Every structure is written in C-alpha cells, then in structure tokens.
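See structure below.
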Amino acid sequence: MKRQPRPLPREFYDRHPAGVARELLGKVLVRKTAADVLRGRILEAEAYLAADDPACHASRGRTRKNASMFGPPGHAYVYPIHSRFCFNVVTEPEGVASAVLIRAVEPLAGLQQMQNRRQRQHVRDLASGPARLCEAFDIDRRLDGWDLTLGRQLWIVDDGAPPPLDESVGRSSRIGVTAAEHLPLRFYIRSHALVSGPRRLRA
DNA sequence: CTACCGATTGACT
DNA sequence: GTCAATCGGTAGA
C-alpha cells in the first residue's frame, strides 16, 4: 500500500506569498472529517502582501479577525464574507502578516460529499471560487488558525504530480479586490475550465 | 449603540 | 452581461 504523502512542511510557507501562491498550483488540498476524506488539486491562488498592499486584511493593523495572519506560517486564515467563508494559508515568519487565498481546486476525491454540501451536481459549481471551495470542503471559522502541517483535518500535500510549467501558469490582477487593483498577484492554471473569474482574466 | 461595506455568489436580462 | 441578498467586522458617535 502506497504511503500517504506528508503535509507540506512549515518552511514551504515561510517565504514571500507570491512564491507560495505560484508553488501551490498543482498541490493537493486534503480535508479529513469524521465521515469523509476530500481532496482537490489547487488551480488558482492569490497573494496578499504584508507591506504596501491595501487589499490585505492586515494592512490596517491587527484585529481579532485577522489575528491568525500575524501568527506562524503554515496555519489557516479563514474569514467570513457575505455570509460565506474564504480559506487562506499564512505565509512568512510570525509577525509578518501575509497570506495566500485559495480560489479554486479541481475535485479529486469526495465528489459525492461535495455535491451534497454544495447542493449542486456540476463539477464546475463545486470548488471554483473561494467560498464555494470552502462550502464543498466544510471549511469554516472553526479552522481559522489551524496548523496545516499536522496532517489532521486540513492540510496540503505534494502528490508527486509534475508541477505546472511556467508557460501553463497565468498571472493577473486579483479578483474582486477594490484596492491595489494593478498588482499581478493572482496565479492560475491557464485554460483550465475549473478556474474561477471572468473569461478575460482566464486566457 | 448605529452605519457602512466587502478577497462572493446565484439569479436574472 | 447586470444586480441584489446577506451579515460579521470595523469604525465612529
């Protein structure tokens, strides 16, 4: 029986969020609950910077909501928006508040459970979009601050699949942000049907 | 306490 | 393509 890949180590996350966002493409998000194991390949991620980035939730200092972003790298930052949730991984050393938002994954395992949670049948509707992904993977505020290196409940692995080549990785401005619109901090698998966002940013 | 608003989504033209 | 629902977090009185 094949050994399960280990969670990405803390060092993976301990660097600039743009590098983490790019390197997370092709990695596999794993969610284990009492009942299910869900897996999805990361297709799209956005970096939020600790400095000179007004779109970053930490740009105006520490609050109760963004506290986990100021914590050590390799933990989750889960926040609510519009009655939904978005999932980030915390990057850079403790005290440096930066993160990477996971915007879309390709469902690999647990499709049935995702369909049930999302109340949608089509794969396109399961985990394309940050809040859809959270609903499909049963991620909410309970997992804010969760340590992603433990290999329990929620973590990320390299399953050995070849990483995407540079020419297959697209880069664009971040979706939905009203501040710092020009920064090209969104990374995604080019032409993958399950990437979220408007068509003009997908090519 | 009230007022405002968003790293969204789904329904609709 | 457009648009409104929705509510926790934050700022300000």
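Letters A, B, ... mirror the listed sequences (proteins, then strands); counts begin at 1. Treat the numbers as computed from the prediction; the structure is a model and nothing was measured.
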Mind checking A:Asp125 for me? I need base, sugar-phosphate or nothing, with any heavy atom below 4.0 Å counting as a touch.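 The residue A:Asp125 makes no contact with any strand.
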
Hey, which sits more toward the 5' end of DNA chain B by its nearest nucleotide, A:Gly176 or A:Arg118?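 Final value for this comparison: A:Gly176.
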
On DNA chain B, more 5' by nearest nucleotide between A:Val177 and A:Arg132 is A:Val177

Nucleotide [N], atom [atom2] - distance to [atom1] of [X] in whole Å:
{"X": "A:Tyr79", "N": "C:dT10", "atom1": "OH", "atom2": "P", "result": "13 Å"}
{"X": "A:Leu49", "N": "B:dA7", "atom1": "CG", "atom2": "C1'", "result": "13 Å"}
{"X": "A:Phe187", "N": "B:dA7", "atom1": "CZ", "atom2": "C1'", "result": "16 Å"}
{"X": "A:Ile102", "N": "B:dT8", "atom1": "CD1", "atom2": "P", "result": "14 Å"}
{"X": "A:Gln121", "N": "B:dG10", "atom1": "CD", "atom2": "C1'", "result": "17 Å"}
{"X": "A:Arg186", "N": "B:dT8", "atom1": "CZ", "atom2": "C1'", "result": "14 Å"}
{"X": "A:Ile81", "N": "B:dC4", "atom1": "CD1", "atom2": "P", "result": "19 Å"}
{"X": "A:Arg141", "N": "C:dC7", "atom1": "CZ", "atom2": "C1'", "result": "13 Å"}

Contact residues, residues 51-70 of chain A to DNA chain B [heavy atom, < 4.0 Å]: A:Ala55, A:His57, A:Met69

Using modelled atom types only, decide if a donor and an acceptor are shared between the side chain of [X] and the backbone of [Y] within a distance under 3.5 Å.
{"X": "A:Asp53", "Y": "A:Ala50", "answer": "no"}
{"X": "A:Arg62", "Y": "A:Phe70", "answer": "no"}
{"X": "A:Asp36", "Y": "A:Leu38", "answer": "no"}
{"X": "A:Ser128", "Y": "A:Leu194", "answer": "yes"}
{"X": "A:Asp147", "Y": "A:His75", "answer": "no"}

Are A:Arg31 and A:Phe87 in a cation-pi setup, meaning NZ or CZ lies under 6.0 angstrom from the ring centre and within 45 degrees of the ring axis? no

Ring-face cation of A:Arg186 near A:Tyr188 (centre distance under 6.0 Å, axis angle within 45°):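 Yes, A:Arg186 sits over the ring of A:Tyr188.
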
Heavy atoms from C-beta onward define the side chain here; which of C:dT6, B:dT9, C:dG8 lies closest to that of A:His82? C:dT6

Among C:dC7, B:dG6, C:dG9, which is the nearest nucleotide to the side chain of A:Thr178?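 The listed nucleotide nearest to A:Thr178's side chain is B:dG6.
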
Hydrophobic clustering (ILVMFWY, side-chain heavy atoms < 4.5 Å, transitive) - are A:Val28 and A:Val195 grouped together? no

Under the rule of Watson-Crick or G-U wobble with both distances under 3.5 Å, where | means paired to another strand and [ ] a crossing pair, DNA chain B maps to ||||||.|||||.

Using only side-chain N and O atoms of A:Arg174, determine if any of them is under 4.0 Å from OP1 or OP2 of B:dT8.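 Answer no for this pair, as no side-chain N or O of A:Arg174 is under 4.0 Å from OP1 or OP2.
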
Could you tell me whether A:His57 and A:Tyr79 have their ring centroids closer than 6.0 angstrom? yes

